[in-house]
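Start at 1 and go down the list; that is how both ligands and their atoms are numbered.
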Amino acid sequence: MGTYTICGEKRLKGEVYVGGAKNAVLPILAACLLCEEQVVLENCPRLLDVYNTASLMRSLGCDVKLDKNTIEVNAGNLNKNELPKEYSEKMRSSIFMLGSLISRKKQATAYFPGGCEIGMRPIDLHLKGLSQMNIEIKEEGGKIICDARDMKCGDVVLDYPSVGATENVLMAAVLTEGQTIIHNPAREPEIVDLQNFLNSMGANVSGAGSGQIIVKGVKKLHGGSYKIMGDRIVAGTFLAAAAVTKGEVTVTGIEPMYLQSVIAKLEECGCTIKTYEDAIKLSVKNELTEISSIVTAPYPGFPTDMQAQMFALCCVCKGTSIIMENVFENRFKHGAELTKMGANVTIKDRMAIIRGVDVLKGASVDAMDLRGGAALVIAGLNAKGITTVNNTHHIHRGYEDFAEKIKTLGGDITED
Ligand code: EPZ
């Protein structure tokens, strides 16, 4: 269990490349199961979740080679159709494999993923979506047994625009003869990236990012190579870190349009933002003032994955900021840890009321989840004195070389 030690009050200055998106590469790796030829993925982030997904794929008989930020996958020898229990429990995103596995093997077994630090993380929408494609799904003792020998194309309606459920149904439909339309899908940019990846391998998918995704089934996919999109949440995290230190930072390798809702809130509290084709520059010339309200919602609403980081920023914005977390039921754990650093926070159910303080004070705090951990690092960069952030393994799940990148921007941070 690692620890970051941060000496705060250093202005961050300079440029940082954000790297490939965790929430794009994970479903795209799952989609590689649909193809029997070699696929090369570029701009992949070196993250714990990527390593765990690679070993899960090897356990199914796939050949997976990781070389820095490139992954070579060949699922030609896929010879198992059961997602091992230990992976399902260790990493929720392994359930994204189900759709591809069903499509390739017609029969597949998975286990219910455990809940995690931010909520129960049910998969009812995944299973309801797949069953609308005439896939027979039985649940026996924690096991999910899928029989897709009679699966059919058709209309799939999601009760809620779940990212994972959209991706699972999309991957199940790619090799299914006929036209499948997914209604009320998630519109996240990472799903557009998945669509673009699938089409680069010969699939016929359109509408990702809109209210309807249309899939025309094809017989086979061919191999190829694909560059993963930039990670908008990593980009937003570094922008929030620059803001709390009143620094001047440019994040590169990112499309600004995918961060519009975050940019709007950064500008609202007094940051100056300049956008370029594949970069965003933030500087702070005035005092930071409150953000009247942040309400998390499915894309293009404010992303729940940026809630914790903006929460930390609001702690040092003059005035009172309000945050509503409408996506996950338990995603304010960082509030109690920030209070240890002198933050003035009141949490009522899904609402956080944050009264800004001039500066936070260093303390020993515990990361409880991925984005909450990143928020504590952001707070430590602002704080007077030394902050230690424990349980850094949470943070390594989603941030490549996090401490190193902060150091290159002038932050004083070490890990042990
Ligand atoms: C994806 O998770 C992301 N993970 C999450 O990022 C992200 O927070 C989330 O989408 C929302 O944007 C990956 O892409 C690997 P959902 P996912 O299904 O697919 C409920 C991070 O920090 N729900 O859109 O699991 C669910 O409980 C991670 O990078 C059901 O009720 O999210 C939640 O309240 C955290 N039944 C809401 O929907 C279901 O079957 C949104 O979940 C599925 C979801």
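Checked against the 6.0 Å centroid criterion, the rings of Phe402 and Phe238 qualify as a close aromatic pair.
Note: Asn391 CG to Tyr4 OH = 11.5 Å, rounded to the nearest 0.5 Å.
Of all non-hydrogen atoms in Cys35 and Ala75, the two that sit nearest each other are O-CB, 3.4 Å.
For ligand 1, the polar-atom distance check finds no N/O of Leu370 at less than 3.5 Å from any of the ligand's N/O atoms. The distance criterion of under 3.5 Å between nitrogen or oxygen atoms is not met by Ser93 with respect to ligand 1. On a distance-only criterion, Phe96 and ligand 1 share no N/O pair closer than 3.5 Å. Every N/O-N/O distance between Pro161 and ligand 1 stays at or above 3.5 Å. Checked against a 3.5 angstrom limit, the closest N/O atoms of Arg371 and ligand 1 fall inside it. Residue Ala165 has no N or O atom closer than 3.5 Å to an N or O atom of ligand 1. Residue-to-ligand polar distances place Asp305 within reach of ligand 1: an N/O pair is separated by less than 3.5 Å. Taking distance alone, with nitrogen or oxygen atoms compared against 3.5 Å, Val327 approaches ligand 1 more closely than that limit. When only interatomic distances are considered, the shortest N/O to N/O separation between Glu167 and ligand 1 does not fall below 3.5 Å. Any N or O atom pair closer than 3.5 Å counts here, and Glu329 shares no such pair with ligand 1.
Residue nearest to atom 44 (C) of ligand 1, selected from Pro27, Pro122, Ala21, Pro298: Pro122 (by heavy-atom distance). The residue from Thr304, Leu127, Val25 that puts a heavy atom closest to atom 11 (C) of ligand 1 is Thr304. Checking Asp49, Val163, Thr53, Asp124 against atom 16 (P) of ligand 1, the nearest heavy atom belongs to Val163.
Ranking protein heavy atoms by distance to atom 3 (C) of ligand 1, first place goes to Asn23 ND2, 3.7 Å. Nearest non-hydrogen protein atom to atom 25 (O) of ligand 1 is Arg92 NE, 2.8 Å. The closest protein non-hydrogen atom to atom 18 (O) of ligand 1 is Ser162 OG, 2.7 Å. Among protein heavy atoms, atom 38 (O) of ligand 1 sits closest to Tyr160 CE2, 3.6 Å. The protein heavy-atom contact nearest to atom 17 (P) of ligand 1 is Arg121 NH2, 3.9 Å.
Residue contact check: Arg331 has heavy atoms under 4.0 Å from atoms 8 (O), 22 (O), 35 (C) of ligand 1. Close contacts of ligand 1 with Phe328, meaning ligand atoms under 4.0 Å from a residue heavy atom, involve 8 (O), 33 (C), 34 (O).
Between the side chains of Glu400 and Asn69, a donor-acceptor pair is found at a separation under 3.5 Å. Side chain to side chain, Glu290 and Ser321 fail the donor-acceptor criterion of an N or O pair below 3.5 Å. For the residue pair Ser55 and Tyr87, a side-chain donor N or O sits within less than 3.5 Å of a side-chain acceptor on the partner.
If you look at Gln307 next to ligand 1, there are no close heavy atoms at all, none under 4.0 Å. With a 4.0 Å heavy-atom cut-off, ligand 1 is reached by no atom of Glu190.
Thr339 contributes a side-chain N or O that, together with a main-chain N or O of Gly335, makes up a donor-acceptor pair within less than 3.5 Å. Between the Asp231 side chain and the Gly19 main chain, no donor and acceptor come within less than 3.5 Å of each other.
Around the NZ atom of Lys281, the shell of radius 6.0 Å holds no more than 12 heavy atoms that belong to other residues, nucleotides or ligands.
Lys265 is linked by a salt bridge (Lys or Arg N to Asp or Glu O under 4.0 Å) to Glu268, counting only residues two or more places apart in sequence or in another chain.
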For residues 167-175, which side-chain N or O atoms pair as donor and acceptor with protein atoms under 3.5 Å away, sequence neighbours left out?
unit_1 : atom_1 : unit_2 : atom_2 : d
Asn168 : OD1    : Gly99  : N      : 2.7
Asn168 : ND2    : Ile95  : O      : 2.9
Asn168 : ND2    : His126 : ND1    : 3.0

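Side-chain contact between Met310 and Leu266 is present, with at least one heavy-atom pair separated by less than 4.5 Å. Side-chain contact between Tyr299 and Pro161 is absent, with no heavy-atom pair separated by less than 4.5 Å.
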